[in-house]
Number of protein chains: 2
Amino acid sequence: MKQISTRFSIAVHTLSLIAVSPQDCTGDFIAGSVNTNPVVIRRIMGMLKKAGLVDVRPGVGGATLLKAPDEITLLDVYRAVNATEENRLFRIHEKPNPACLVGRNIEQVLQTELRDAQSEMERRLAQTTLGRLIAKFE
Amino acid sequence: MKQISTRFSIAVHTLSLIAVSPQDCTGDFIAGSVNTNPVVIRRIMGMLKKAGLVDVRPGVGGATLLKAPDEITLLDVYRAVNATEENRLFRIHEKPNPACLVGRNIEQVLQTELRDAQSEMERRLAQTTLGRLIAKFE
DNA sequence: TTATGTTGTAACTATGATGGTTACATCGGT
DNA sequence: ACCGATGTAACCATCATAGTTACAACATAA
């Protein structure tokens, strides 16, 4: 099946690293910890910056959190990297046959249910903060 | 972002149609209601059949539900069409650097949270039955 | 038996998201 | 001016998706 992009987990990794590191984290340093290409990190950092979660200093290098780890939830990160307009987890097939009872109703009825389901997931993501996550590292 | 395949919504549409139709539903008939190619329907019907939700009669044609609409939840359908092994909604980047505190812990810690979030979503899907969905059609 | 209409699949295709990569402009401090 | 960092554009290989054509297998009716 189609899974949610690793952008999300990489973003969480990135923020965690910034949170626990005493020194400034450069993109290359983070890339080394995540084990990927620095450009991938920069792209994600750009999204986190746009979402107001981090401040990145061009030229000099390094990133810092703009909120306390306890003020950043997984949902914040999730939203930041999905960064899209709609943000609907489920896709529904388009243009079903309006001449059919089911075709006429399915979109509306199903959408309500699926949005609720997505909300439940997001509610759970909102319950975990970066601070709580970091506290579990050993 | 990457969304969950329309296979799911098409499967729900398909089952709904079978449930509300007095006559037998052929793949072509369902395809007409969903507004897609019959082969797409047959593929999904194959998954629903494998999951024990429907019985499809080869040759003669037509499909029937193997359970009452009130006994089929959206989660059943979701599981049927995702039909994969792992069934993990979230992907986590692989092989983070074990020499780093974050890299060493992120996978384990994050996985717990994400699995919980997925469970919340699935719990909500399990609360809606096909019967309840159909009852909302007008 | 043959014809008809259906299901079951294989195979091919176009599309779009993803994630890695190279390249280079720009920035800021030494 | 130099150096190392960020910010992006551009390109690419890979993969899931969903539509399509084609055809074998099947069940029933004539």
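Just so it is clear, the values below take in all heavy atoms, side chains as well, and ignore hydrogens, waters and symmetry mates. Chain letters run A, B, ... following the sequence lines, proteins first and then strands; every chain starts at 1. As the structure is a prediction and not an experimental result, all values here were calculated from the model.
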Worksheet item: Can you tell me how far P of C:dG20 sits from CD1 of A:I10, to the nearest Å?
Response: 6 Å
Response to the item:
Heavy-atom nearest pair, A:L125 first then B:A117, reads CD2-CB, 3.7 Å
Worksheet entry | Nearest heavy-atom neighbours spanning B:F8 and B:L74 | CE1-O, 3.5 Å
Practice prompt. In whole angstrom, give the distance that lies between atom CE of A:M47 and atom P of D:dG7.
Written response: 13 Å
Practice prompt. Output yes when at least one side-chain N/O atom of B:T36 is less than 4.0 Å from OP1 or OP2 of D:dA18, else no.
Written response: no
Worksheet item: With a non-hydrogen cut-off below 4.0 angstrom, is A:G46 in contact with a base, only sugar-phosphate, or nothing?
Response: nothing
Worksheet item: For B:R79, does its backbone N or O pair with a side-chain atom of B:N82 as donor and acceptor, under 3.5 Å?
Response: no
Practice prompt. Show the numbers, then the answer: is there a side chain to side chain donor-acceptor pair (under 3.5 Å) between A:Q111 and A:E107?
Written response: CA-CA 6 Å; A:Q111 197 153 92; A:E107 187 167 354; 4.8 Å; no
Discussion item. For the backbone of B:V81 and the side chain of B:R7, can you confirm whether one donor and one acceptor N or O come within less than 3.5 Å of each other?
Written reply: yes
Discussion item. Short of 4.0 Å, heavy atom to strand atom, which residues of residues 24-31 of chain B count as contacting DNA chain C?
Written reply: B:T26, B:G27
Practice prompt. Check the pair B:S119, B:D116 against side chain to side chain donor-acceptor pair (under 3.5 Å), reporting the backbone distance first and the verdict last.
Written response: CA-CA 5 Å; B:S119 294; B:D116 279 2; 5.2 Å; no
Discussion item. Rounding to an integer number of Å, can you tell me how far B:F90 CZ sits from C:dT18 P?
Written reply: 14 Å
Discussion item. Please report the distance, rounded to the nearest Å, between NE2 in B:H93 and C1' in C:dG19.
Written reply: 13 Å
Worksheet, complete the sentence: From NZ of A:K49 across to C1' of D:dG7 the rounded distance in Å is 7 Å
Worksheet item: D:dT17 phosphate, OP1 or OP2: any side-chain N/O from B:T6 under 4.0 angstrom?
Response: no
Worksheet item: Are side-chain N/O atoms of A:S33 and A:H13 paired as donor and acceptor at under 3.5 Å?
Response: yes
Worksheet item: Atom CD1 of B:I4 and atom P of D:dT17: how far apart are they, to the nearest Å?
Response: 11 Å
Worksheet, complete the sentence: From CD1 of A:I41 across to P of D:dG7 the rounded distance in Å is 13 Å
Item to complete: Please name the pair of heavy atoms, one in A:F90 and one in B:Q3, separated by the smallest distance, quoted to 0.1 Å.
Response: O-NE2, 3.8 Å
Worksheet item: Do other residues, nucleotides or ligands put more than 12 heavy atoms under 6.0 Å from the CD atom of A:Q23?
Response: yes
Protein-nucleotides 11-16 of chain D N/O pairs under 3.5 Å:
unit_1	atom_1	unit_2	atom_2	d
D:dA16	O4'	A:K2	NZ	2.6

Item to complete: If a protein heavy atom is under 4.0 Å from the base, mark B; if only from the sugar-phosphate, S; if neither, -; do that for nucleotides 22-30 of chain D going 5' to 3'.
Response: B---BS---
Worksheet item: Is it the case that more than 12 heavy atoms not belonging to B:Q108 sit under 6.0 Å from its CD atom?
Response: no
Worksheet item: Roughly how many Å is it from CE in B:M45 to P in C:dG8, rounded to a whole number?
Response: 7 Å
Discussion item. The test is side-chain contact (heavy atoms from CB on, under 4.5 Å); show your working for B:I4 and A:R91 and say whether it passes.
Written reply: CA-CA 6 Å; B:I4 289 172; A:R91 260 187 80 195; over 6 Å; no
